[in-house]
Protein chains: 4
Amino acid sequence: MGSIWGERLRLSLFGESHGPGVGMVLDGLPAGIPVDLERVRAFLDRRAPGRDPWSTPRKETDQPEILSGLYQGRTTGTPLAALIRNADTRSADYARLAATPRPGHADRAGAVRYGGFADPRGGGHFSGRLTAPLTLAGALCREGLRPLGIRVVGHAAAIAGIADDPLFPDAGDMGRPAVDPEAWPGGRFPAILEAAGAAMEAAIGAARAAGDSVGGRVEAAVLGLPEGIGDPMFGGVESRAASLLYGIPGVKAVGFGLAEGFADVRGSFANDAFHDTPQGLRPRTNHNGG
Amino acid sequence: MGSIWGERLRLSLFGESHGPGVGMVLDGLPAGIPVDLERVRAFLDRRAPGRDPWSTPRKETDQPEILSGLYQGRTTGTPLAALIRNADTRSADYARLAATPRPGHADRAGAVRYGGFADPRGGGHFSGRLTAPLTLAGALCREGLRPLGIRVVGHAAAIAGIADDPLFPDAGDMGRPAVDPEAWPGGRFPAILEAAGAAMEAAIGAARAAGDSVGGRVEAAVLGLPEGIGDPMFGGVESRAASLLYGIPGVKAVGFGLAEGFADVRGSFANDAFHDTPQGLRPRTNHNGG
Amino acid sequence: MGSIWGERLRLSLFGESHGPGVGMVLDGLPAGIPVDLERVRAFLDRRAPGRDPWSTPRKETDQPEILSGLYQGRTTGTPLAALIRNADTRSADYARLAATPRPGHADRAGAVRYGGFADPRGGGHFSGRLTAPLTLAGALCREGLRPLGIRVVGHAAAIAGIADDPLFPDAGDMGRPAVDPEAWPGGRFPAILEAAGAAMEAAIGAARAAGDSVGGRVEAAVLGLPEGIGDPMFGGVESRAASLLYGIPGVKAVGFGLAEGFADVRGSFANDAFHDTPQGLRPRTNHNGG
Amino acid sequence: MGSIWGERLRLSLFGESHGPGVGMVLDGLPAGIPVDLERVRAFLDRRAPGRDPWSTPRKETDQPEILSGLYQGRTTGTPLAALIRNADTRSADYARLAATPRPGHADRAGAVRYGGFADPRGGGHFSGRLTAPLTLAGALCREGLRPLGIRVVGHAAAIAGIADDPLFPDAGDMGRPAVDPEAWPGGRFPAILEAAGAAMEAAIGAARAAGDSVGGRVEAAVLGLPEGIGDPMFGGVESRAASLLYGIPGVKAVGFGLAEGFADVRGSFANDAFHDTPQGLRPRTNHNGG
């Protein structure tokens, strides 16, 4: 399986790149969350390809239809299902896939795993298209997190070797606020430094002109979480976040805090020592991303 | 949660009685199962209300749209999702539900459980309407069981105190075949004895004329299962079947073999002794429904 | 699998009848529950065979060793594991099992399911011995339910055709309290009517003298539950309770409220109509066991 | 929860650093796997602290007692449980923890999460001591993988900035075999280059002499896996491996193939192109760790 994730909140994704559509069922959302569908759609639009010069050229309208779980503008507490119909599905492009699997895609693994019966058009269920219902699920969860004061922010930290400023200018300084990319205008490239964003955009364009693509690194932060979130062992925030993030095609490394930088520092630096504050015990630094 | 069931094969149900539709996602179906959609629809038609004089008067067309997981007539191995749109949704009928919960329904429990945010129209997610995608899931699973020679049969064993003949005339006789209700013509009342079926139909009609309804008992059997199915403790066939069957509204008792009859017999009768046969060790009787 | 049950509270059972011991891990117990180990042991003693003339002759001491999850007399919130060592394991009794599987046991199914590698001594993991850690898990859960005012009561409603009085003398009368079998002295046969209990005990003895055993029916009730417990579809109390109860060897039928009696009544009787009370909306009857 | 992991094979961990012991239950192991307990113990010994000059000074004997699931040297197919008793538990060392949570540990988060009821001694359930049953689970799984020709190898790729040679000298060359650290003698520092290992050992000693510790990077590979392992979306090998690996205290970054190096390369390099070989379609390079 694998297309169902979670325990208290369960996300079930379905659909193929070139079938009738893609969608999701979210089971376990609390009842009574007000959902602003305009805001949800705007969030989905930030993902939709074809809007910006730097993303893939496929055009998608991505208007989700809510099938259940919303009543009079609020979640009912029972499963919230939504469908996003596929529009621009030029299957002919993929006719030769059965013969020649694309490198870096699941074409070959899927063909072996499913004995040749997986839908090969556009990667089928393994398509990046599945990030549309995943983004929709995220947008719906944000509606529930918003009244709790919990925000998720992120930016393109590096693309093609071009680095943006970090979200927290001093990784160890708990006192300085993160940039809020949600305040950016819609068409802006998601980088803090406009010059870095422009250079990234140019690098993407240059690679595309050469029939190629570029790698990058995304930095994200969840702000406003209460202390004590998570469960022991495999139920920690890191285990759960990583298992979700690796569901996004193209993600090949996930780290927290200093991430791979921990390999090169001593414990005395890596550990975030506590000190007393008027708000209670607080760590002085945040090298662990906690 | 609760609307997701299973481990190797997971079923996720969604939808409300008076929302856009009801549906299901089946994750874990093996790849390559040929699916005859005509047969699936015919199976769904046997459930659909309004077809027969004895069932509830709501008219439904119940044409499922397969959204994913089928390609060139076979399962892909990735999630199979389907949507059944609601048509006959007279919400006005239910306008007074918030004030007066229907007895024997989930109106009250749902209102408490979800803090008043559950969709009250027609029971919302708790409606008998959810048996439509459940039946669809069953029809799809039957497509996969068919090539394995596994059949599921059943009939109305008793309604309003009127008893049908049992599926296996001698509950202890392993040698006599079950009646196959799948061979019955579509419009036939699901009883083995035509006279019993006619009496049941009349009893249903009489109760309805009196603004009432009747109780009953369904007997079903799975034929052709290999030995050794199931897991220990809570993973036995009985635990799993019961947890599914209690998902059907109106089911209030589930038993296997002699069921409640076990209370009145001695162990020497209840146990099914093994004897040697040309096919290997076999039980002589089947009081345990195994 | 099957030996792990649950979602928010997970129970993992292990052990074989004639191995080093049997045990359980409970993951998800809230932190801070005070646990009275004497009370837990007394509850286990009520299950232990060999104590009473009417139960199986195997002698067990059943002193559980708590391995984790308790600190200074309270649950820690992390997994609570316990081990009950096996003592009276006369393996020689079972030497001939491989050749002749016992009817009414899992010997045959287990041998097929596990390709001959299951521990055949005393039923191995399928032994009634596994009800010891299951009872221990129940005793620990009772410690958590006690401060919430939730009680579980039960009795032998019928054995060998001899009926006890019901827990609630009028099944439809919500106002009359259940008998509390927990107030009974330890050695008392678990029947409300002493005469019925004596007759049941005699019937068990007579069957045993004839090398046989008897069937019966247990009636139990959970008292003090708040309204709105459970989840939709397969997450209802009935689905969950049934999947647990069928994990007990020998359980062959599970029903709620009128149970199999629903088959013979009309909806107007089966449904529990609500009426206004000073405590709010309440059902006048309790035919549904809710 | 969080201390139970997996779907088809479920691992349940329990225990605290200073309680009676730590242990595990593995549910879902196939029946009939021959288990060499000497080899299992030798594998555990490689983890045990106090054996080598470079690891933590706590002495542990770590002799696991198998409680269930093994019969006549083979897995039974039912839950395999094991207990490792704690021996060297100097609780006094931790008496002051409640007042001063250790940075870089779960002391503070656990105290908040469990309302002060978690066992604070040695980190309780959050202790690195829990890697003993985790290693035992790994050793048992290795017994099952061995007959299938599947091996797991690894080494200290970098410690305190000192790099070892990579497992695969040319990350892109599929034709060159990995070093097999399992062939190393028991007391050897787990580095391919003996000189690098000696320098790492010296760096660990120097940090310890300064009351500090060092960071590092582990490289591991699973050899002999068949094609097509894994499930879509969140069920991929990467999601599952990461959710397990983050269960190990101290892991802060997990990557596959080029890992964080993907950020700096173009798609044409990152993708592993297929070519025809006598063994069928094979990738020419292995930048994706697949």
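Chain identifiers are assigned alphabetically (A, B, ...) following the order of the sequence lines, protein sequences preceding nucleic acid strands; residue numbering begins at 1 within each chain. Side chains included, hydrogens not; waters and symmetry mates left out as well; all remaining heavy atoms used. As the structure is a computational prediction, the values presented were derived from the model and not from experiment.
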Relative to chain C, which of [options] shows the most heavy atom pairs under 4.5 Å?
options                            : result
W5(B), Y246(B), F262(B)            : Y246(B)
A242(B), G216(B), G257(B)          : G216(B)
V112(B), D212(B), V214(B)          : D212(B)
A111(B), G247(B), A109(B)          : G247(B)
G228(B), A259(B), S239(B), G215(B) : S239(B)
R108(B), H125(B), R217(B)          : R108(B)

Which answer fits [X], side chain, backbone, both or neither, if we ask what part of it has an atom under 4.5 Å from a heavy atom of chain B?
X       : answer
F126(C) : side chain
L244(C) : both
A270(C) : neither
V254(C) : both
A241(C) : neither
N288(C) : both

Exercise. Compare all side-chain heavy atoms of M24(C) with those of L11(C) and state whether any distance is below 4.5 angstrom.
Key: yes
Quiz item: Does the side chain of R113(B) reach to within under 4.5 Å of the side chain of E227(C), using non-hydrogen atoms?
Solution: no
Can you tell me if [X] uses its side chain to pair, donor with acceptor, with the backbone of [Y] under 3.5 Å?
X       : Y       : answer
E219(C) : P166(C) : no
D107(C) : R102(C) : yes
S127(B) : G123(B) : no
D27(B)  : R10(B)  : no
D119(B) : R121(B) : yes

Practice problem: Give, as side chain, backbone, both or neither, the part of I248(B) having an atom under 4.5 angstrom from any heavy atom of chain C. | Solution: neither
Quiz prompt | Partners meeting ring-ring contact (aromatic ring centres under 6.0 Å, His included) with F117(C) (sequence neighbours left out) | solution = none
Per-pair distances, 0.1 Å, donor-acceptor, side chain in residues 156-165 of chain C, under 3.5 Å, sequence neighbours excluded:
unit_1  : atom_1 : unit_2  : atom_2 : d
D164(C) : OD1    : I192(C) : N      : 3.2
D164(C) : OD1    : L193(C) : N      : 2.9
D164(C) : OD2    : H155(C) : ND1    : 2.6
D164(C) : OD2    : I192(C) : N      : 2.5

Quiz item: Can you tell which of A210(C), G250(C), A207(C) has the highest number of heavy-atom pairs within less than 4.5 Å of chain B?
Solution: A207(C)
Practice problem: Against chain B, work out which of P226(C), A253(C), P249(C) has the most heavy-atom pairs shorter than 4.5 Å and name it. | Solution: A253(C)
Exercise. May I ask you to decide whether E7(B) forms a salt bridge with R240(B), counting only side-chain N to carboxylate O separations under 4.0 Å?
Key: yes
